[in-house]
Amino acid sequence: MTPKIKLTDVHKKFGSKVVLDGVNLSVAPGESLVIIGGSGSGKSVCIKTVLGLIKPDSGTIEVDGHDITHYSFREREPMLRKVGMLFQGGALFDSLPVWKNITFGSKERGNPLAPKEARALAIEKLEAVGLKPEVADLLPSELSGGMQKRVGLARAIASDPEIIFFDEPTTGLDPIMADVINELIVECVKKLGSTTVTITHDMASVRKIATRVAMIYQGKIIWDGPVSQIDHSGNEYVDQFIHGRAHGPITD
(Lines give C-alpha, C1' and ligand atoms only; values in the text may rest on other atoms or scores of the structure.)
Protein backbone atom coordinates (compact mmCIF):
# COMPACT_ATOMS: atom_id res chain seq x y z
CA MET A 1 0.00 0.00 0.00
CA THR A 2 1.35 3.42 -0.96
CA PRO A 3 1.81 5.63 2.13
CA LYS A 4 -0.38 8.70 2.30
CA ILE A 5 2.61 10.69 3.59
CA LYS A 6 6.26 9.67 3.50
CA LEU A 7 9.38 11.50 4.68
CA THR A 8 12.71 9.94 3.67
CA ASP A 9 16.04 11.06 5.19
CA VAL A 10 14.76 14.62 5.71
CA HIS A 11 17.30 17.12 7.04
CA LYS A 12 16.82 20.72 8.14
CA LYS A 13 19.11 23.21 9.87
CA PHE A 14 18.43 26.74 11.04
CA GLY A 15 21.84 28.37 11.14
CA SER A 16 24.04 25.97 13.09
CA LYS A 17 21.13 24.26 14.85
CA VAL A 18 20.19 20.88 13.41
CA VAL A 19 16.42 20.42 13.77
CA LEU A 20 15.79 17.43 11.51
CA ASP A 21 18.67 15.00 11.17
CA GLY A 22 17.53 12.32 8.75
CA VAL A 23 13.86 11.87 9.60
CA ASN A 24 12.24 8.77 8.14
CA LEU A 25 8.51 8.52 8.67
CA SER A 26 5.51 7.17 6.78
CA VAL A 27 1.79 7.38 7.45
CA ALA A 28 -0.60 4.85 5.95
CA PRO A 29 -4.00 5.87 4.54
CA GLY A 30 -6.53 6.18 7.36
CA GLU A 31 -3.87 6.00 10.06
CA SER A 32 -3.75 8.34 13.06
CA LEU A 33 -0.09 9.09 13.79
CA VAL A 34 0.90 11.17 16.81
CA ILE A 35 4.40 12.66 16.96
CA ILE A 36 5.73 13.33 20.44
CA GLY A 37 8.94 14.96 21.61
CA GLY A 38 10.31 17.77 23.72
CA SER A 39 9.94 21.44 22.89
CA GLY A 40 12.14 22.37 19.93
CA SER A 41 12.62 18.75 18.90
CA GLY A 42 11.33 19.29 15.36
CA LYS A 43 7.72 18.07 15.58
CA SER A 44 6.23 21.18 14.01
CA VAL A 45 8.99 21.40 11.42
CA CYS A 46 8.06 17.92 10.19
CA ILE A 47 4.50 19.07 9.49
CA LYS A 48 5.63 22.35 7.94
CA THR A 49 7.89 20.57 5.47
CA VAL A 50 4.90 18.56 4.23
CA LEU A 51 2.80 21.71 3.91
CA GLY A 52 5.61 23.51 2.07
CA LEU A 53 5.97 26.19 4.75
CA ILE A 54 9.56 25.09 5.32
CA LYS A 55 11.86 23.66 2.64
CA PRO A 56 14.09 20.80 3.80
CA ASP A 57 17.81 20.99 3.14
CA SER A 58 17.78 17.44 1.77
CA GLY A 59 15.64 14.32 1.67
CA THR A 60 12.28 13.67 0.03
CA ILE A 61 8.65 14.26 0.96
CA GLU A 62 5.90 12.31 -0.78
CA VAL A 63 2.11 12.56 -0.66
CA ASP A 64 0.12 9.76 -2.32
CA GLY A 65 3.34 8.54 -3.90
CA HIS A 66 4.18 11.89 -5.54
CA ASP A 67 7.47 13.54 -4.64
CA ILE A 68 6.49 17.09 -3.67
CA THR A 69 9.81 18.07 -2.08
CA HIS A 70 10.63 20.76 -4.61
CA TYR A 71 7.11 21.79 -5.56
CA SER A 72 6.31 25.47 -5.49
CA PHE A 73 3.32 26.59 -3.44
CA ARG A 74 1.26 26.74 -6.66
CA GLU A 75 2.28 23.19 -7.57
CA ARG A 76 1.25 22.03 -4.09
CA GLU A 77 -2.24 23.52 -4.37
CA PRO A 78 -3.94 20.31 -5.55
CA MET A 79 -2.43 18.48 -2.57
CA LEU A 80 -3.36 21.27 -0.14
CA ARG A 81 -7.00 20.99 -1.21
CA LYS A 82 -6.94 17.57 0.42
CA VAL A 83 -5.65 18.96 3.72
CA GLY A 84 -7.32 20.27 6.87
CA MET A 85 -5.49 21.85 9.80
CA LEU A 86 -6.36 22.53 13.44
CA PHE A 87 -3.91 25.14 14.70
CA GLN A 88 -2.62 25.29 18.26
CA GLY A 89 -3.97 28.78 18.97
CA GLY A 90 -7.17 28.36 16.99
CA ALA A 91 -6.02 30.94 14.39
CA LEU A 92 -9.55 32.25 13.95
CA PHE A 93 -10.11 35.62 12.28
CA ASP A 94 -11.43 37.95 14.99
CA SER A 95 -13.25 40.20 12.53
CA LEU A 96 -15.23 37.39 10.85
CA PRO A 97 -18.27 35.57 12.23
CA VAL A 98 -17.85 31.89 12.97
CA TRP A 99 -19.49 30.70 9.76
CA LYS A 100 -17.10 32.72 7.61
CA ASN A 101 -14.15 31.39 9.61
CA ILE A 102 -15.25 27.82 8.99
CA THR A 103 -15.69 28.24 5.24
CA PHE A 104 -12.78 30.63 4.65
CA GLY A 105 -10.70 27.89 3.06
CA SER A 106 -13.18 27.26 0.24
CA LYS A 107 -12.09 30.48 -1.44
CA GLU A 108 -8.42 29.70 -0.89
CA ARG A 109 -8.92 26.28 -2.50
CA GLY A 110 -10.40 27.90 -5.59
CA ASN A 111 -13.93 26.73 -4.82
CA PRO A 112 -15.71 29.76 -3.31
CA LEU A 113 -19.22 29.13 -2.05
CA ALA A 114 -22.20 31.44 -2.25
CA PRO A 115 -22.95 32.95 1.20
CA LYS A 116 -26.10 30.86 1.68
CA GLU A 117 -24.24 27.63 0.83
CA ALA A 118 -21.27 28.59 2.96
CA ARG A 119 -23.41 29.32 6.00
CA ALA A 120 -25.32 26.04 5.60
CA LEU A 121 -22.04 24.12 5.36
CA ALA A 122 -20.71 25.90 8.45
CA ILE A 123 -23.82 24.99 10.46
CA GLU A 124 -23.49 21.36 9.34
CA LYS A 125 -19.88 21.25 10.56
CA LEU A 126 -20.75 23.07 13.79
CA GLU A 127 -23.31 20.39 14.55
CA ALA A 128 -20.65 17.75 13.84
CA VAL A 129 -18.54 19.21 16.66
CA GLY A 130 -21.45 19.62 19.05
CA LEU A 131 -22.24 23.31 18.62
CA LYS A 132 -25.65 24.85 17.95
CA PRO A 133 -26.51 26.69 14.72
CA GLU A 134 -26.75 30.07 16.46
CA VAL A 135 -23.00 29.93 17.13
CA ALA A 136 -22.51 30.55 13.39
CA ASP A 137 -23.22 34.27 13.72
CA LEU A 138 -21.03 34.92 16.77
CA LEU A 139 -17.53 36.38 16.67
CA PRO A 140 -14.59 34.33 17.99
CA SER A 141 -14.21 36.78 20.90
CA GLU A 142 -17.67 35.76 22.10
CA LEU A 143 -16.64 32.12 22.46
CA SER A 144 -14.94 30.24 25.28
CA GLY A 145 -11.59 28.59 24.66
CA GLY A 146 -13.25 25.21 24.29
CA MET A 147 -15.77 26.55 21.80
CA GLN A 148 -12.99 28.18 19.79
CA LYS A 149 -11.23 24.81 19.58
CA ARG A 150 -14.46 23.23 18.34
CA VAL A 151 -14.83 25.93 15.70
CA GLY A 152 -11.22 25.30 14.68
CA LEU A 153 -12.03 21.61 14.33
CA ALA A 154 -15.15 22.45 12.30
CA ARG A 155 -12.97 24.50 9.96
CA ALA A 156 -10.42 21.66 9.72
CA ILE A 157 -13.09 19.22 8.53
CA ALA A 158 -15.08 21.70 6.40
CA SER A 159 -13.72 20.38 3.09
CA ASP A 160 -13.96 16.69 4.11
CA PRO A 161 -10.15 16.47 3.84
CA GLU A 162 -8.17 13.34 3.14
CA ILE A 163 -5.39 14.50 5.49
CA ILE A 164 -5.75 16.47 8.74
CA PHE A 165 -2.93 17.95 10.82
CA PHE A 166 -3.56 18.68 14.49
CA ASP A 167 -1.13 21.03 16.24
CA GLU A 168 -1.41 20.65 20.04
CA PRO A 169 -5.23 20.34 19.85
CA THR A 170 -5.81 20.41 23.63
CA THR A 171 -3.37 23.15 24.66
CA GLY A 172 -4.94 25.63 27.10
CA LEU A 173 -7.96 23.45 27.88
CA ASP A 174 -8.94 21.94 31.21
CA PRO A 175 -8.87 18.11 31.36
CA ILE A 176 -12.62 17.75 30.86
CA MET A 177 -12.76 19.96 27.78
CA ALA A 178 -9.55 18.41 26.47
CA ASP A 179 -11.23 15.00 26.63
CA VAL A 180 -14.27 16.40 24.78
CA ILE A 181 -12.00 17.67 21.99
CA ASN A 182 -10.18 14.34 21.83
CA GLU A 183 -13.48 12.48 21.50
CA LEU A 184 -14.64 14.85 18.77
CA ILE A 185 -11.39 14.36 16.87
CA VAL A 186 -11.81 10.58 17.02
CA GLU A 187 -15.47 10.78 15.90
CA CYS A 188 -14.88 13.25 13.07
CA VAL A 189 -11.84 11.44 11.72
CA LYS A 190 -13.65 8.09 11.83
CA LYS A 191 -16.58 9.50 9.84
CA LEU A 192 -14.31 11.07 7.24
CA GLY A 193 -11.80 8.22 7.02
CA SER A 194 -9.01 10.81 7.02
CA THR A 195 -5.31 10.23 7.56
CA THR A 196 -4.17 12.32 10.53
CA VAL A 197 -0.88 13.55 11.96
CA THR A 198 -0.96 15.14 15.41
CA ILE A 199 1.77 16.78 17.45
CA THR A 200 1.13 17.04 21.16
CA HIS A 201 2.62 16.95 24.64
CA ASP A 202 -0.67 15.68 26.10
CA MET A 203 -0.34 11.96 26.77
CA ALA A 204 -4.10 11.67 27.37
CA SER A 205 -4.57 12.88 23.78
CA VAL A 206 -1.95 10.44 22.54
CA ARG A 207 -3.70 7.49 24.15
CA LYS A 208 -7.12 8.62 22.95
CA ILE A 209 -6.51 9.52 19.30
CA ALA A 210 -3.39 7.64 18.14
CA THR A 211 -3.19 4.34 16.34
CA ARG A 212 0.58 4.83 16.07
CA VAL A 213 3.13 6.98 17.91
CA ALA A 214 6.54 8.25 16.81
CA MET A 215 8.99 10.05 19.09
CA ILE A 216 11.49 12.54 17.73
CA TYR A 217 14.69 13.24 19.66
CA GLN A 218 17.77 15.16 18.50
CA GLY A 219 16.28 15.41 15.03
CA LYS A 220 15.66 11.69 14.55
CA ILE A 221 12.73 9.33 15.03
CA ILE A 222 14.00 7.19 17.91
CA TRP A 223 10.87 5.09 18.45
CA ASP A 224 7.88 4.29 16.27
CA GLY A 225 5.16 1.82 17.11
CA PRO A 226 1.52 1.11 17.97
CA VAL A 227 0.09 3.23 20.77
CA SER A 228 -0.64 0.00 22.66
CA GLN A 229 3.12 -0.57 23.02
CA ILE A 230 4.13 2.88 24.19
CA ASP A 231 4.33 1.90 27.86
CA HIS A 232 6.67 -0.96 26.93
CA SER A 233 8.83 0.79 24.34
CA GLY A 234 12.13 -0.15 25.95
CA ASN A 235 13.42 3.34 25.13
CA GLU A 236 14.52 5.47 28.07
CA TYR A 237 13.64 8.77 26.38
CA VAL A 238 10.13 7.61 25.51
CA ASP A 239 9.76 6.38 29.10
CA GLN A 240 10.97 9.73 30.44
CA PHE A 241 8.59 11.66 28.20
CA ILE A 242 5.43 9.73 28.97
CA HIS A 243 6.06 9.11 32.67
CA GLY A 244 8.01 12.23 33.62
CA ARG A 245 10.99 10.32 34.98
CA ALA A 246 14.24 12.25 34.60
CA HIS A 247 17.06 10.30 32.94
CA GLY A 248 18.62 13.49 31.60
CA PRO A 249 17.54 16.20 29.18
CA ILE A 250 15.37 15.17 26.24
CA THR A 251 15.83 18.46 24.43
CA ASP A 252 18.95 20.34 23.37
Side-chain angles (χ1 to χ4, degrees), residues 1-14 16-51 54 56-63 86 88 163-173 175 178-179 181-183 185-186 189 194-252:
M1 181 183 293
T2 301
K4 194 70 176 174
I5 302 169
K6 185 177 181 181
L7 281 71
T8 304
D9 197 27
V10 174
H11 292 254
K12 182 63 185 178
K13 289 198 305 183
F14 294 102
S16 61
K17 181 173 176 58
V18 176
V19 179
L20 302 180
D21 190 18
V23 168
N24 292 288
L25 194 62
S26 66
V27 192
E31 189 170 37
S32 178
L33 173 71
V34 176
I35 304 174
I36 61 174
S39 297
S41 59
K43 303 185 300 297
S44 294
V45 175
C46 281
I47 287 180
K48 289 176 180 177
T49 59
V50 178
L51 292 171
I54 291 175
D57 297 327
S58 61
T60 59
I61 299 163
E62 298 172 56
V63 175
L86 176 59
Q88 179 176 345
I163 301 168
I164 309 177
F165 294 109
F166 297 106
D167 182 5
E168 299 286 358
T170 58
T171 294
L173 302 179
D179 191 57
I181 296 298
N182 288 330
E183 288 283 359
I185 287 173
V186 171
V189 169
S194 303
T195 302
T196 65
V197 179
T198 305
I199 56 175
T200 185
H201 291 88
D202 183 350
M203 288 309 302
S205 286
V206 174
R207 297 177 193 280
K208 177 79 72 170
I209 68 180
T211 55
R212 201 173 113 236
V213 182
M215 181 164 182
I216 189 168
Y217 174 66
Q218 293 186 341
K220 297 179 182 291
I221 301 297
I222 61 166
W223 188 83
D224 183 347
V227 67
S228 59
Q229 295 180 13
I230 196 169
D231 290 302
H232 311 285
S233 69
N235 185 291
E236 65 174 319
Y237 296 108
V238 175
D239 186 59
Q240 175 188 354
F241 188 86
I242 67 174
H243 298 298
R245 291 197 283 266
H247 296 300
I250 64 170
T251 57
D252 298 323

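- Heavy atoms only, all atoms of each residue included: Cys46 and Leu7 are closest at O-CD2, 4.3 Å.
- Contact annotation: the side chain of Ile35 never approaches that of Thr198 to less than 4.5 Å [non-hydrogen atoms, C-beta and beyond].
- With values rounded to the nearest 0.5 angstrom, Met215 atom CE is found 7.0 Å from Ser41 atom OG.
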Take Val197 and Phe166 through the side-chain contact (heavy atoms from CB on, under 4.5 Å) test and state the conclusion after the steps. CA-CA 6 Å; Val197 179; Phe166 297 106; over 6 Å; no
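- Put simply, the side chain of Val186 reaches to within 4.5 Å of the side chain of Lys208, judged on heavy atoms.
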Does the side-chain contact (heavy atoms from CB on, under 4.5 Å) test come out yes or no for Val227 and Val206, once each step is laid out? CA-CA 8 Å; Val227 67; Val206 174; 4.3 Å; yes
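- A 4.5 Å side-chain heavy-atom check between Ile222 and Ile216 finds every atom pair outside the cut-off.
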Can you list the steps and then say if Glu31 with Lys4 is a salt bridge (Lys or Arg N to Asp or Glu O under 4.0 Å)? CA-CA 9 Å; Glu31 189 170 37; Lys4 194 70 176 174; over 6 Å; no
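- Asp202 has no carboxylate O lying under 4.0 Å from a charged side-chain N of Arg207, or vice versa, which leaves the two without a salt bridge.
- In terms of heavy atoms, Leu25 sits closest to Ala214 at CD1-CB, 3.8 Å.
- Two residues are said to be in side-chain contact when any heavy atoms from C-beta on lie closer than 4.5 Å; Ile36 and Ile230 meet this criterion.
- One side chain, Thr196 or Ser32, offers a donor N or O that lies under 3.5 Å from an acceptor on the other.
- Using a 3.5 Å distance cut-off with no hydrogens or angles, the side chains of Asn24 and Thr8 do not pair a donor with an acceptor.
- Between the side chain of Asp57 and the backbone N or O of Lys13, at least one donor-acceptor pair lies under 3.5 Å.
- A distance of 6.0 Å separates OG1 of Thr195 from CD1 of Ile163, quoted to the nearest 0.5 Å.
- In this structure, the side chain of Glu168 engages the main chain of His201 through a donor-acceptor pair within 3.5 Å.
- Annotation: Lys6, atom NZ; neighbour count of heavy atoms from other residues, nucleotides and ligands within 6.0 Å does not exceed 12.
- Here the side chain of Lys48 pairs no donor or acceptor atom with the backbone of Ile54 at under 3.5 angstrom.
- Put simply, the side chain of Ile199 does not reach to within 4.5 Å of the side chain of Phe165, judged on heavy atoms.
- In this structure, the side chains of Leu20 and Pro56 stay at 4.5 Å or more apart for every pair of heavy atoms.
- The closest side-chain heavy-atom distance from Ile181 to Leu173 is below 4.5 Å.
- Checked by atom type and distance alone, the side chain of Asn182 pairs as donor or acceptor with a backbone atom of Ala178 at under 3.5 Å.
- Between the side chain of Gln240 and the main chain of Tyr237, no donor-acceptor pair closer than 3.5 Å is present.
- Between Trp223 and Val213, the shortest heavy-atom contact is CZ3-O, 3.6 Å.
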Under the side-chain contact (heavy atoms from CB on, under 4.5 Å) criterion, do Val63 and Val50 qualify, and how do the steps go? CA-CA 8 Å; Val63 175; Val50 178; 4.3 Å; yes
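- Using a 4.5 Å heavy-atom threshold, the side chains of Asp167 and Leu86 count as separate.
- Closest non-hydrogen pair, Gly22 versus Asp9, comes out as CA-OD1, 3.4 Å.
- In this structure, Lys12 forms a cation-pi arrangement with Phe14, its terminal cationic atom sitting closer than 6.0 Å to the ring centre and no more than 45° off the ring axis.
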